[in-house]
Structure formats: C-alpha cells, structure tokens
2 protein chains.
Amino acid sequence: MAAVDLSTHPGHLARRLQQAHYLLWNTMVSEEITSPQFAVLNTLVAEPGLDQRTVGERVGLDRSTIAEVISRLDRRGLLDKVRDPQDGRRSLLRPTEEGVRTHRRLTVRTARMNQVFLAPLSADERTVFFDLIQRVADAAEGLRHPAEPVAGRR
Amino acid sequence: MAAVDLSTHPGHLARRLQQAHYLLWNTMVSEEITSPQFAVLNTLVAEPGLDQRTVGERVGLDRSTIAEVISRLDRRGLLDKVRDPQDGRRSLLRPTEEGVRTHRRLTVRTARMNQVFLAPLSADERTVFFDLIQRVADAAEGLRHPAEPVAGRR
DNA sequence: GGAAAATACTCAGCGCACTGATTATTTCTG
DNA sequence: CAGAAATAATCAGTGCGCTGAGTATTTTCC
C-alpha cells in the first residue's frame with residue numbers, strides 16, 4: 001500500500017532505457033569498446049588535439065570518469081595522450097591510426113543498432129523522442145551549471 | 001571528418017538523461033538513498049515477502065546488481081532478509097518499520113523532483129515522453145528475453 | 001616578482017550494472 | 001531413490017559515474 005507506479009517516474013524509465021541500450025550495444029556493436037568510449041573517440045575524430053576536460057564536456061562526462069575512459073582507450077592504443085607544451089596542466093588527445101579505423105568500423109554497426117533500437121517508433125515519433133529527451137536533459141543539466149557567469153550577473 | 005552527431009544517438013541521449021536525473025535526485029531527494037534503492041523499497045512496500053530474484057525482475061536489475069542494492073538496504077536496516085523455510089535457495093525480503101517510513105518520506109520528495117525534472121514539457125508531451133521511452137525500452141528488453149517459452153514453441 | 005586564485009588532472013571511496021563461474025538447494029526423471 | 005537438470009544466490013572481475021581531497025601548473029593581481 002502507498003507504493004507508487006514507477007512507470008510514471010522519468011528516472012526509472014531513463015535507467016531502463018539506458019540498460020536496454022547497453023545490452024543491445026554489447027550484442028550488436030562491440031564487447032570491447034563501450035558506448036561512452038565510442039563517444040570520446042567520435043569527438044576526437046572530429047576535433048583532434050582537444051584536452052581531456054573539453055572532451056569530457058563534449059560527451060557529458062565529469063573529470064573523474066573521462067580520465068578513466070581515456071586511460072582505457074590509451075591502454076588499448078586507440079588514442080595518444082601528450083602533455084601540452086604550451087600549458088603543462090593539459091593533456092592533449094588525438095586518435096591513433098587504429099583509433100580512427102575502430103571508429104569507422106563501429107560507426108557502421110552503431111547505425112545498424114540504432115535502427116533496431118528505434119524500430120518500435122515511426123519516423124515522426126523518433127523526431128519527437130529525440131526532441132523531448134534532449135529538452136529534459138538540457139534543462140536538468142542547466143540546473144546543475146547555474147548559467148555561465150554572464151556580464152552583470154551575480 | 002566522418003564523425004557522427006551524437007544527438008541523434010538514442011543511447012547517448014539515454015545516458016545523458018539518466019545522469020541528469022541522478023544529479024537532480026542527489027540534490028532534491030536524498031544523498032543516502034539512491035533511485036534504484038527507492039525502487040526496490042517501493043516494490044517491497046507493495047509486495048512484502050518477495051524473493052530477491054523477483055524484486056530484481058520487477059525493478060529491472062540483474063541478479064548481481066540486485067544483490068548489492070539489497071545488501072546496502074539491509075546494512076542500513078531498511079529491510080529484513082530471511083531464508084525461505086519452504087525453499088532454502090530463496091531469500092525473502094520485507095521492509096522494516098524504518099524502511100516504510102523512509103519510503104513514505106522519499107515518495108513526497110520524489111514527486112517534487114519529478115515536477116522539476118519534467119518542467120520543460122507540457123502535460124501532453126509528458127504523456128508522449130513516457131509512452132515513447134517505455135515502448136523503446138520494452139522492445140529492447142524483449143530482444144533480450146527472447147520470449148517466454150510458450151507452449152508449442154522452440 | 002611573489003602570494004593568491006584559478007585551472008587541469010589524479011586519487012580514494014562509494015554505488016550501479018553486466019558477465020561468467022561457483023555453491024547450495026530443490027525438482028525432475030530414469 | 002539416485003543422478004541430472006534447474007533454480008537462487010554469491011563471488012570475482014570489468015566498466016561507468018559521482019564527490020571530495022590532493023597535486024601540479026598557470027594566471028591574476030597587489
């Protein structure tokens with residue numbers, strides 16, 4: 001008694017959605033490279049030479065998590081990590097040859113997987129699906145980063 | 001070059017959504033009890049005496065994860081765990097007094113948090129949001145559990 | 001130019017999530 | 001009834017994700 005219906009709880013649905021995706025990724029894309037690892041690789045293919053913090057910002061991972069993901073990609077030889085000679089605090093990252101190849105290979109599989117994952121939705125529904133999730137996620141992330149310190153704000 | 005747009009990747013969006021929710025939960029609901037822990041507690045309030053495996057099935061957690069979540073709730077004294085005298089393999093679970101009180105308290109806060117989380121969406125959009133996510137998640141989970149062994153199937 | 005503040009990264013610690021292997025118990029079947 | 005199969009839980013191992021504390025380096029400002 002007094003229990004709630006979890007199917008109206010967005011957090012619970014988000015978790016289930018993410019788990020379902022995780023499993024599908026594992027069977028259809030790769031057992032080695034994870035989805036967050038692919039996201040990092042993807043960012044570095046687009047913008048080689050980014051520093052670690054910026055990559056984390058791009059893919060939505062905090063400083064600690066991005067460090068671990070990168071160290072795994074580094075260990076597998078998929079990216080190069082060098083100290084910025086201009087600024088000794090930064091690590092500059094770029095994909096290796098193999099990193100680029102891996103990214104290309106997984107891009108194809110990922111597209112296939114997305115088709116299967118989104119199969120239950122019509123084309124119109126997919127658009128709405130992306131839009132709604134993105135708006136909710138953006139708004140919640142906005143609550144976290146209280147708004148960039150704009151001139152004349154305190 | 002050749003990089004994809006992650007904002008059209010449902011897995012990436014799902015992860016971001018879940019992370020955003022995690023942060024909001026932490027600030028608005030509880031720093032002690034997590035969302036999965038609340039889900040377990042919620043299930044046990046509704047159906048006290050369930051075994052561990054069934055609870056996991058209800059909330060969508062695999063055998064290993066549910067074991068850890070339950071051991072934490074047990075350690076905090078929020079549930080009782082006893083061996084089923086009828087079937088020595090099973091652990092039967094029920095919330096303690098404090099578990100019920102905690103659940104009641106968090107139910108209120110969770111409702112408030114959901115309001116904030118879903119604030120960017122209109123009432124109609126929320127309905128669609130739930131429906132779309134649920135359909136995608138259900139379908140993907142269905143791929144995993146290849147369909148219950150119905151009579152006359154192989 | 002040197003102390004203080006800011007920035008990038010690392011480290012320890014906790015919790016969720018999965019797989020594969022192992023153990024204990026029950027059920028099924030010859 | 002005994003051996004085999006199924007079931008519930010546990011354990012070891014890997015990876016994502018966060019916070020708080022600590023280190024190194026650069027920038028800011030008196």
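Side chains included, hydrogens not; waters and symmetry mates left out as well; all remaining heavy atoms used. This one's a predicted model, so the numbers in the text were calculated from it and none came from an experiment. Naming convention: chains lettered A, B, ... in sequence-line order (proteins, then strands); numbering from 1 in each chain.
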(message) When you measure from the side chain of B:Trp25 to the backbone of B:Ile33, do you find a donor-acceptor pair of N or O atoms at a distance under 3.5 Å?
(response) yes

(request) Evaluate the side chain to side chain donor-acceptor pair (under 3.5 Å) criterion for residues A:Asp62 and A:Thr65: first the C-alpha distance (whole Å), next the side-chain angles of each, then the deciding distance (0.1 Å), finally the verdict. (result) CA-CA 6 Å; A:Asp62 74 300; A:Thr65 305; 2.5 Å; yes

(request) Determine, for A:Arg76 against A:Glu98, whether the closest basic-nitrogen to carboxylate-oxygen distance falls under 4.0 angstrom. (result) no

(request) Measure the distance from CD on A:Gln37 to C1' on D:dT14 and round it to the nearest whole Å. (result) 11 Å

(request) Kindly say whether B:Gly77 contributes a backbone atom to a donor-acceptor pair with the side chain of B:Thr96 at under 3.5 angstrom? (result) yes

(request) Kindly say if B:Gln18 contacts the phosphate of D:dG17, meaning a side-chain N or O under 4.0 Å from OP1 or OP2. (result) no

(message) Quick check on D:dT23: is either OP1 or OP2 less than 4.0 Å from any side-chain nitrogen or oxygen of A:Arg63?
(response) no

(message) Base, sugar-phosphate or nothing for B:Asp62? Non-hydrogen atoms, less than 4.0 Å.
(response) base

(message) Tell me if the side-chain of A:Ser64 makes a donor-acceptor pair with the base of C:dC11, cut-off 3.5 Å, by modelled atom types.
(response) yes

Side-chain donor-acceptor contacts of residues 35-47 of chain A below 3.5 Å, not counting sequence neighbours, with atom names and distances?
residue, atom, partner, partner atom, Å
A:Asn42, OD1, A:His103, NE2, 2.7
A:Asn42, OD1, B:Val4, N, 2.9
A:Asn42, ND2, B:Val4, O, 2.9
A:Thr43, OG1, A:Ala39, O, 3.0
A:Glu47, OE1, A:Arg58, NH2, 2.8
A:Glu47, OE2, A:Arg58, NE, 2.8
A:Glu47, OE2, A:Arg58, NH2, 3.3

(request) Look at A:Lys81 and C:dA8 and indicate whether a side-chain polar atom (N or O) is within less than 4.0 Å of OP1 or OP2. (result) no

(message) Of the options C:dT7, D:dT7, C:dG15, whose atoms approach the side-chain atoms of B:Thr34 most closely?
(response) C:dG15

(message) Rounded to whole Å, please give me the gap between CD1 in B:Ile66 and P in D:dT10.
(response) 11 Å

(message) By nearest atom, which of the nucleotides C:dA17, D:dC18, C:dG15 is closest to the B:Arg75 side chain?
(response) C:dG15

(message) Without decimals, in angstroms, what is the distance between A:Leu24 CG and C:dC18 P?
(response) 14 Å

(message) In whole Å, I'd like the distance from the CZ atom of B:Arg15 to the C1' atom of D:dC18.
(response) 13 Å

(request) State plainly whether the residues A:Asp84 and A:Arg89 are in salt-bridge range, i.e. N to O under 4.0 Å. (result) no

(request) Kindly give the heavy-atom pair with the smallest separation between B:Leu118 and B:Arg126, and that separation in Å. (result) O-NH2, 3.1 Å

(message) Side-chain N or O of A:Arg89 versus OP1/OP2 of C:dT7: is the shortest distance under 4.0 Å?
(response) no

(request) Using heavy atoms to find the nearest nucleotide of DNA chain D for A:Gly88 and A:Leu61 separately, return the residue whose nucleotide is more 5′. (result) A:Leu61

(message) Distance check needed: C:dC18 P versus A:Glu32 CD, whole Å only.
(response) 19 Å

(request) Grab the CD1-P distance between A:Ile33 and D:dG15 for me, whole Å please. (result) 10 Å

(message) Does this structure show an ion pair linking B:Arg90 with B:Asp87, if we count only N-O contacts that are shorter than 4.0 Å?
(response) yes

(message) For DNA chain D, which residues of residues 49-59 of chain B approach it to below 4.0 angstrom with any heavy atom?
(response) B:Asp51, B:Gln52, B:Arg53

(request) Write down the distance between OH (B:Tyr22) and P (D:dC18), rounded to a whole number of angstrom. (result) 8 Å

(message) Taking the minimum atom-to-atom distance to the side chain of B:Pro36, which one of C:dA17, C:dG15, D:dG15 wins?
(response) C:dA17

(message) Whole angstroms only, please: what is the CD-C1' distance between A:Glu68 and D:dG17?
(response) 8 Å

(message) Here's a test of your reading of the structure: between B:Val69 and A:Arg90, which maps to the more 5' nucleotide of DNA chain C?
(response) A:Arg90

